[in-house]
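Throughout, residue positions are numbered sequentially from 1 according to the sequence presented. Remember, predicted model here, so these are calculated numbers, not experimental data.
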Amino acid sequence: MCSTCGCGENELTIHSHDHAQDLPHAHPHVHDHAPEARRLTLEQDILAKNAEFATGNRRLFTERGILVLNLVSSPGSGKTTLLARTVQALGTEFPVAVIGGDQQTANDAERIRAAGAPAVQINTGKGCHLDAHGIGHALERLPLPEHGVLFIENVGNLVCPADFDLGEACKVVVLSVTEGEDKPLKYANMFAAAGLMLLNKTDLLPYLDFDVERCLDYARRINPDVQILQLSARTGEGMDVWLDWLRRGQRAALAQQVSRLEADLAAARVRLAESPA
């Protein structure tokens, strides 16, 4: 079930670290219970409210020159291992931070911090996805990786996260070869929403009956524009291509920030020239 249906409301907590004094942070939600006949209107209202928060998040990210990626997948796809390896590889080049989402535990954030990056964990309780409002609250507890990359590790779920814009530049769907090549067809909305697909755990291919070409074909039928990279976060095979993709994205975010600053400066100069002496 999804919190657009009302489940999981008022259960969200955010953990920035594991010390006893870091008390769970109650997170008010905008959801209301409603009769079944009003469900469609309620979902539209929730998504519209989420879009408002996402717009605010995106504005902040653009102003600070931050590339933000929303990683989505099934449980067990290897997202946290991928992020830990990525943090270790890029942490010396530019700031990197992670917001993790799970229904329970702070295990993923602990692994990311051990890898060398600041991280906060959002526990969604019965909720099955992160929303833009929760991301805004998590940012209050996380040093912003200005001019760097912020990863959002969404709750393991290939359904609901497709509908929720968090203010990210791009959704990255992680699919492992242990899951079956027909996932793009079964969860088409998610693969249609993603800008990049990472096919992970390729080191296991010799031991599996997994048809890579069929899987890639399914993904491109759903989303002809999706970029696809193959890698193994465990062995490091293919990681260089992923890291280069991230470096290009980080430079693009910086260029966007520069363009925005130049436009603001040009507008200020016009106002100065037109102001009374």
Side-chain angles (χ1 to χ4, degrees), residues 2-4 12 14 46-47 50-62 64 66-75 77-84 86-87 90 96-103 108-109 112 117-124 127-139 142 144-145 148-176 183-184 187-200 219 222-223 225-229 233 242 245-246 248-250 252-253 256:
C2 172
S3 57
T4 55
L12 189 144
I14 300 173
I46 289 172
L47 291 174
N50 181 79
E52 292 179 14
F53 286 118
T55 298
N57 291 346
R58 185 171 288 107
R59 184 183 306 113
L60 173 65
F61 300 146
T62 301
R64 304 299 180 89
I66 303 171
L67 171 67
V68 181
L69 300 174
N70 179 5
L71 271 64
V72 293
S73 77
S74 301
S77 68
K79 287 198 304 295
T80 308
T81 299
L82 172 72
L83 287 176
T86 301
V87 164
L90 295 180
V96 178
V98 176
I99 297 173
D102 267 320
Q103 291 191 319
D108 291 351
I112 296 300
V120 295
Q121 188 83 37
I122 301 176
N123 287 145
T124 58
C128 48
H129 63 270
L130 298 177
D131 63 24
H133 192 197
I135 294 299
H137 277 298
L139 292 173
L142 185 70
L144 278 179
V149 180
L150 172 66
F151 296 100
I152 301 172
E153 183 181 3
N154 218 311
V155 179
N157 174 11
L158 281 174
V159 183
C160 309
D163 293 331
F164 282 79
D165 179 6
L166 305 181
E168 73 271 13
C170 176
K171 284 183 174 63
V172 177
V173 60
V174 182
L175 173 64
S176 67
K183 274 290 196 303
Y187 300 95
N189 287 343
M190 181 60 76
F191 286 84
L196 175 67
M197 169 179 149
L198 296 180
L199 187 62
N200 192 21
I222 299 301
N223 183 353
D225 297 324
V226 69
Q227 300 178 66
I228 300 174
L229 303 178
W242 159 240
W245 189 92
L246 291 170
R248 290 195 298 274
Q250 183 257 350
Q256 188 176 10

**Item:** Test log, rule side-chain contact (heavy atoms from CB on, under 4.5 Å), inputs Val173 and Leu198
**Value:** CA-CA 6 Å; Val173 60; Leu198 296 180; over 6 Å; no
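- When all heavy atoms of Ala162 and Lys171 are compared, the closest pair comes out as O-CE, 3.9 Å.
- With values rounded to the nearest 0.5 angstrom, His129 atom NE2 is found 11.0 Å from Asn70 atom CG.
- Between Leu246 and Leu90 the shortest side-chain heavy-atom distance falls below 4.5 Å.
- Between Val226 and Pro184, every side-chain heavy-atom pair lies at or beyond the 4.5 Å cut-off.
- Side-chain atoms of Gln121 come within 3.5 Å of backbone N or O of Ala109 as a donor-acceptor pair.
- Residues Lys79 and Ser73 approach most closely at NZ-OG, 2.8 Å, considering heavy atoms.
- Between the Glu52 side chain and the Asn50 main chain, no donor and acceptor come within less than 3.5 Å of each other.
- A donor-acceptor pair under 3.5 Å is formed between the side chain of Asn157 and the backbone N or O of Cys128.
- Using a 4.5 Å heavy-atom threshold, the side chains of Ile99 and Ile135 count as touching.
- Interatomic distance, Gln227 CD to Asp225 CG, rounded to the nearest 0.5 Å: 9.5 Å.
- Taking every heavy atom of both residues into account, Leu158 and Ser74 meet most closely at CD1-OG, 3.1 Å.
- In this structure the side chain of Tyr187 never reaches within 4.5 angstrom of the side chain of Val72, judged on heavy atoms.
- In this structure, Phe53 and Asp131 have side chains that are not in contact, with every pair of non-hydrogen atoms separated by 4.5 Å or more.
- Counting only distance, with no hydrogens or angles, the side chain of Asn223 and the backbone of Ala194 share a donor-acceptor pair below 3.5 Å.
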**Message:** Working note: Glu168 + Val68, criterion side-chain contact (heavy atoms from CB on, under 4.5 Å); need CA distance, chi angles, decisive distance, verdict.
**Reply:** CA-CA 5 Å; Glu168 73 271 13; Val68 181; 4.1 Å; yes
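- The backbone N or O of Asp163 lies less than 3.5 Å from no partner atom in the side chain of Asn189, so there is not a single donor-acceptor pair.
- For the pair Asn200 (side chain) and Ser77 (backbone), a donor-acceptor distance under 3.5 Å is present.
- Inter-residue side-chain proximity for Leu150 and Leu144 is flagged as unmet; no heavy-atom pair is nearer than 4.5 Å.
- Of all heavy-atom pairs between Ala233 and Leu82, the closest is CB-CA, 3.6 Å.
- The heavy-atom pair separating Ala132 from Ala54 by the smallest distance is CB-N, 3.4 Å.
- Nearest heavy-atom pair, Gly167 versus Phe61, reported as atom, atom and distance to 0.1 Å: O-CD1, 3.4 Å.
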**Message:** With side-chain contact (heavy atoms from CB on, under 4.5 Å) as the criterion, how do Leu229 and Leu196 come out once you've worked through the C-alpha distance, each side chain's angles and the decisive distance to 0.1 Å?
**Reply:** CA-CA 8 Å; Leu229 303 178; Leu196 175 67; 4.0 Å; yes
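- Using a 30° and 60° split on the angle between ring planes, His133 and His137 fall in the tilted class, from 30° to 60°.
- A salt bridge links Asp165 with Arg58; the closest basic N to acidic carboxylate O contact falls under 4.0 Å.
- Considering only heavy atoms from C-beta on, Leu166 comes within 4.5 Å of Asn154 through its side chain.
- Using a 4.5 Å heavy-atom cutoff, the side chains of Phe151 and Leu71 are in contact.
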**Request:** Go through Ile66 and Val149 one step at a time and tell me if the side-chain contact (heavy atoms from CB on, under 4.5 Å) criterion holds.
**Result:** CA-CA 6 Å; Ile66 303 171; Val149 180; 5.9 Å; no
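- Using modelled atom types, no side-chain atom of Asp108 and backbone atom of Gly100 make a donor-acceptor pair closer than 3.5 Å.
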